[in-house]
Amino acid sequence: MRLGVNIDHVATLRQARGTTYPSPLEAAALCEKGGADGITIHLREDRRHIQDSDLYALRKALKVPLNLEMANTAEIVGIAVATKPAEVCLVPERRQEVTTEGGLDAAGQFDALKPSITKLAAAGITVSLFIEPSLRQLDAAVALGAPVVELHTGKYCDLAGGEREAELRRLVEAAEHGHRIGLQVNAGHGLNYENLPAFLKAVPHLDTLNIGHSIVARAVMAGMEKAVREMKDLLA
Ligand code: PXP
């Protein structure tokens with residue numbers, strides 16, 4: 001199974017202070033060193049973390065494939081077609097949300113999605129749809145001509161007990177159905193070092209997991225002692 005590392009929150013830290021660091025480009029190189037099979041970024045309409053310049057720089061420098069998460073808007077589709085990341089993942093986007101909430105309504109937005117998917121595919125980009133683990137949404141992905149889906153794992157990660165078990169069963173059914181109808185099945189959102197093992201044990205046919213926040217958070221803790229020691233060495 002492949003790991004796509006979402007580095008949006010390296011850019012969040014940079015944007016919080018308006019500095020040039022930490023650099024998503026440097027972080028991506030370290031992710032590659034650590035074994036990342038792909039790098040994921042979300043170029044949001046409000047540019048709250050990843051900037052256009054990050055996309056251009058990553059597109060040039062990465063050795064592993066770049067997966068661009070994006071809303072279905074004319075501006076962002078245009079940027080994707082011009083920069084040609086290996087893959088785009090179409091997600092729903094609301095300005096006020098802290099992070100992507102819920103999956104794309106591929107079935108309900110068929111007419112709005114079809115021309116964008118056709119345009120992106122014609123540019124040689126693999127199109128993925130970020131959807132809820134619902135059979136109706138999986139069938140819509142096939143009808144739309146998207147070869148890849150990313151199952152939204154956010155609910156599984158947020159719920160507990162019996163509700164979490166029920167959501168895990170929905171994810172299993174969705175992965176099985178997606179595989180049966182010929183889709184590449186990816187998954188992501190909210191996965192962390194604690195909730196991943198049970199998910200991995202239960203859900204079959206997964207190709208790629210896209211994980212961001214928990215890895216960036218863990219990287220802060222794993223590097224904190226070294227960072228303080230380096231500053232202390234300077235003081236000495
Ligand atoms: N996949 C999609 C489509 C997302 O929108 C996000 C969040 O940007 C992720 C995966 C990664 O989620 P997390 O940061 O919670 O690991």
Side-chain angles (χ1 to χ4, degrees), residues 3-9 11-12 24 38-52 54-55 58 65-81 83-121 123 125-134 136-138 140-158 171 174 178 183-191 206-216:
L3 173 64
V5 181
N6 180 315
I7 56 170
D8 289 348
H9 295 310
T12 299
I39 296 295
T40 295
I41 54 172
H42 185 171
L43 185 68
R44 295 186 76 101
E45 284 184 273
D46 63 9
R47 307 300 199 269
R48 69 171 73 155
H49 39 52
I50 291 292
Q51 305 297 304
D52 299 52
D54 295 320
L55 167 61
L58 286 162
L66 177 64
N67 171 35
L68 178 66
E69 288 175 8
M70 50 177 267
N72 179 29
T73 68
E75 184 212 3
I76 307 283
V77 170
I79 292 173
V81 166
T83 51
K84 294 190 180 24
E87 183 167 325
V88 307
C89 181
L90 291 168
V91 302
E93 196 176 297
R94 276 192 296 270
R95 289 270 162 128
Q96 297 79 9
E97 68 192 358
V98 173
T99 181
T100 313
E101 289 165 0
L104 196 66
D105 184 6
Q109 293 173 17
F110 190 94
D111 293 344
L113 287 165
K114 186 69 185 168
S116 302
I117 292 172
T118 304
K119 220 181 265 179
L120 292 161
I125 300 167
T126 301
V127 179
S128 168
L129 304 181
F130 185 53
I131 56 170
E132 293 296 320
S134 127
R136 179 168 166 261
Q137 298 296 346
L138 288 155
V142 172
L144 281 162
V148 184
V149 289
E150 180 171 329
L151 300 178
H152 193 318
T153 52
K155 282 202 190 96
Y156 159 75
C157 297
D158 289 342
L171 285 159
L183 292 165
Q184 177 182 314
V185 181
N186 299 343
H189 209 285
L191 294 171
L206 294 169
D207 184 283
T208 302
L209 296 184
N210 286 310
I211 306 181
H213 181 259
S214 62
I215 293 179
V216 174

Nearest heavy-atom neighbours spanning [X] and [Y]:
X: Gly188; Y: Phe130; result: O-CE1, 3.6 Å
X: Tyr156; Y: Leu171; result: CB-CD1, 3.6 Å
X: Ile125; Y: Lys84; result: CD1-CA, 4.0 Å
X: Ala106; Y: Leu144; result: O-CD1, 3.7 Å
X: Leu183; Y: Val148; result: CD2-N, 4.3 Å
X: Leu120; Y: Ala80; result: CD2-CB, 3.7 Å

Using 0.5 Å steps for rounding, measure from the [atom1] atom of [X] to the [atom2] atom of [Y].
X: Leu209; Y: Leu3; atom1: CG; atom2: CG; answer: 7.0 Å
X: Ile41; Y: Ile50; atom1: CD1; atom2: CD1; answer: 5.0 Å
X: Leu129; Y: Ile117; atom1: CG; atom2: CD1; answer: 4.5 Å
X: His49; Y: Leu43; atom1: NE2; atom2: CG; answer: 9.0 Å
X: Arg44; Y: Glu69; atom1: CZ; atom2: CD; answer: 9.0 Å

Q. Can Glu150 and Asn210 be counted as having a side-chain donor-acceptor contact under 3.5 angstrom?
A. yes
(Q) Quick one about Thr40 and Asn6 (side-chain donor to acceptor, distance below 3.5 Å, no hydrogens or angles considered), yes or no? (A) no
Please confirm whether the backbone N or O of [Y] pairs with a side-chain atom of [X], one donor and one acceptor, at under 3.5 Å?
X: Glu93; Y: Glu45; value: yes
X: Gln137; Y: Asp105; value: no
X: Thr208; Y: Asn186; value: no
X: Glu87; Y: Pro85; value: no
X: His9; Y: His213; value: no

Q | Contact check, side chains of Val88 and Val77, non-hydrogen atoms, under 4.5 Å | A | no
Q. Taking C-beta and beyond as the side chain, do Met70 and Leu90 meet within less than 4.5 Å on heavy atoms?
A. yes
Q. Applying the side-chain contact (heavy atoms from CB on, under 4.5 Å) test to His42, which of Ile7, Val91, Leu68 qualifies?
A. Val91
